[in-house]
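In what follows, a structure is listed as structure tokens, so that the remarks can point back to it.
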Amino acid sequence: MQILDGKALAAKIRKKAADEVAALKNKGITPGLAVVLIGDNPASHTYVKMKEKACEETGIYSIVHKMPDDISEEKILETIHMMNNNPNIDGILVQLPLPGHIDTRKVLDAVSPQKDVDGFHPTNVGELVLDIDCFVPCTPLGVMHLLDEYDINVKGLDACVVGASNIVGKPMMHLLLNRFATVDICHIHTKNLKAHTSRADLLIVGVGKEKLITEDMVKEGAIVIDIGINKTSEGQIVGDVDYENVAPKCSYITPVPGGVGPMTIAMLLENTIKSAKARHHVS
Ligand code: NAD
């Protein structure tokens, strides 16, 4: 069994990103990221702080638009339009979840597809489906980078994605299909989860349920990618896979923490640099 070390790979990508930013700065270009943060959800604040710190370390300019919980949808849309038209901003990210009175789809759709570094705009979603170069959501993109780093070719593999959200499971499914894996996708209404997971050469889980995947649900020698983030009653961060018992059966597995998590932020930096290059016509 080999561990897929996302922490090490993310550090490597972040170093490369810093070098790329330095080269862009020599050409008079400073990549810029704008984050829209609404309300006081502690997890959202933590994630945004991590993103700000990563930008700072990489040399990317970043600005956070903090707004109160009761902000109007109109004000959020106004801020996004302002950022769409700001030449110093290459990437716009709306930290989710948004408060209940806000139409999340409407807000995400307001982000210019050219600055949509999270890959949530319908234009980028459609381009991903069509396998056209576009902004791909950071977490599933990070998983693909991790597989590539360890020379894992997914072509022809039986893959199973558990979790079918717009930001994790669905884009993950398309990325795998675009590389010619045979993909099964499961969700809360899947009748017999084990029947699907136990057939998979490559099992990717992004649900948010501690120990959802147990040893008996995993094929011998499978590659297991755990995207889930859960806090145990003891305050420990764990994934969706019963790591201790599943790991001995796997050919490769991601730990939590230190697997997919660090890759997500590294991909955000990559997407922001990609946008800056495209907007300034630099290869
Ligand atoms: P979500 O709640 O939007 O979606 C969860 C998905 O899991 C849904 O499709 C749902 O149908 C499915 N599901 C729920 N219970 C299930 C069950 N018992 N069996 C099968 N499917 C089930 O969540 P999300 O935003 O997609 O996030 C999923 C997990 O990934 C969370 O733990 C989240 O914290 C984590 N996450 C991690 C990163 C990272 O950087 N590592 C990034 C994003 C999300």
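Note that these values count all heavy atoms, side chains included, but never hydrogens, waters or copies made by symmetry. Read the numbers this way: they start at 1 and go in the same order the structure lists the ligands and their atoms.
The two atoms that bring Pro140 and Val168 nearest to each other are CG-O, 3.8 Å, heavy atoms only.
Looking at heavy atoms from C-beta onward, Val154 lies out of side-chain contact with Phe180 at the 4.5 angstrom threshold.
Nearest-residue assignment for atom 23 (O) of ligand 1 (options Asp226, Asn166, Val207, Asn230; heavy-atom criterion): Val207. The nearest non-hydrogen atom to atom 41 (N) of ligand 1, considering only Leu193, Ile213, Ile227, comes from Ile227.
Checked against a 3.5 angstrom limit, the closest N/O atoms of Ala164 and ligand 1 fall inside it.
Looking from atom 11 (O) of ligand 1 to the surrounding protein, the closest heavy atom is Ile188 N, 3.0 Å. Looking at atom 33 (C) of ligand 1, its nearest protein heavy atom turns out to be Ile229 N, 4.2 Å. His187 C, 3.1 Å is the protein heavy atom nearest to atom 21 (N) of ligand 1. Summary of contacts: the protein heavy atom closest to atom 42 (C) of ligand 1 is Thr139 OG1, 3.1 Å. What sits closest to atom 26 (O) of ligand 1 on the protein, heavy atoms only, is Ser165 OG, 2.5 Å.
Of the options Asn84, Asn85, Thr123, a side-chain contact (heavy atoms from CB on, under 4.5 Å) to Ser112 is made by Asn84 and by none of the others.
Those atoms of ligand 1 that come under 4.0 Å of a heavy atom in Gly206, given as number and element, are 28 (C), 29 (C). For ligand 1 and Val168, the ligand atoms under 4.0 Å from any heavy atom of the residue are 26 (O), 43 (C), 44 (C). Against a heavy-atom cut-off of under 4.0 Å, Gly208 is close to the following atoms of ligand 1: 29 (C), 31 (C), 32 (O). Of all the atoms in ligand 1, the ones that sit under 4.0 Å from a non-hydrogen atom of Ile167 are 25 (O). For ligand 1, the atoms closer than 4.0 angstrom to any heavy atom of Gly228 are 30 (O), 32 (O).
Proximity of a side-chain donor or acceptor of Asp118 to a complementary backbone N or O of Phe120 within less than 3.5 Å is not detected. Asp116 places no side-chain N or O within donor-acceptor distance of the main-chain N or O of Val111, the cut-off being under 3.5 Å. Side chain of Thr232 to backbone of Glu234: a donor-acceptor contact under 3.5 angstrom is found.
Taking 4.0 Å as the cut-off between side-chain N and carboxylate O, Lys106 and Glu73 count as a salt-bridged pair. At a threshold of 4.0 Å, the pair Asp90-Lys115 does not count as salt-bridged, since none of the basic side-chain nitrogens sits closer than that to a carboxylate oxygen.
Contacts between Thr264 and ligand 1, counted as non-hydrogen atom pairs separated by less than 4.0 Å, involve the side chain only. Using a 4.0 Å cut-off between heavy atoms, Leu212 contacts ligand 1 through its side chain alone, with no backbone atom that close. Using a 4.0 Å cut-off between heavy atoms, Lys209 contacts ligand 1 through its side chain alone, with no backbone atom that close. At a heavy-atom cutoff of 4.0 Å, ligand 1 is contacted by no atom of Asp240, backbone or side chain.
By the neighbour-count criterion of 12 heavy atoms within 6.0 Å, atom CD of Gln2 is densely surrounded, having more than that number from other residues, nucleotides or ligands. In this structure, Lys16 places its NZ atom where only 12 or fewer heavy-atom neighbours from other residues, nucleotides or ligands lie under 6.0 Å away.
Using 4.0 Å as the threshold, Gly169 has no heavy atom nearer than that to any atom of ligand 1.
Interatomic distance, Leu98 CG to Ile38 CD1, rounded to the nearest 0.5 Å: 5.0 Å.
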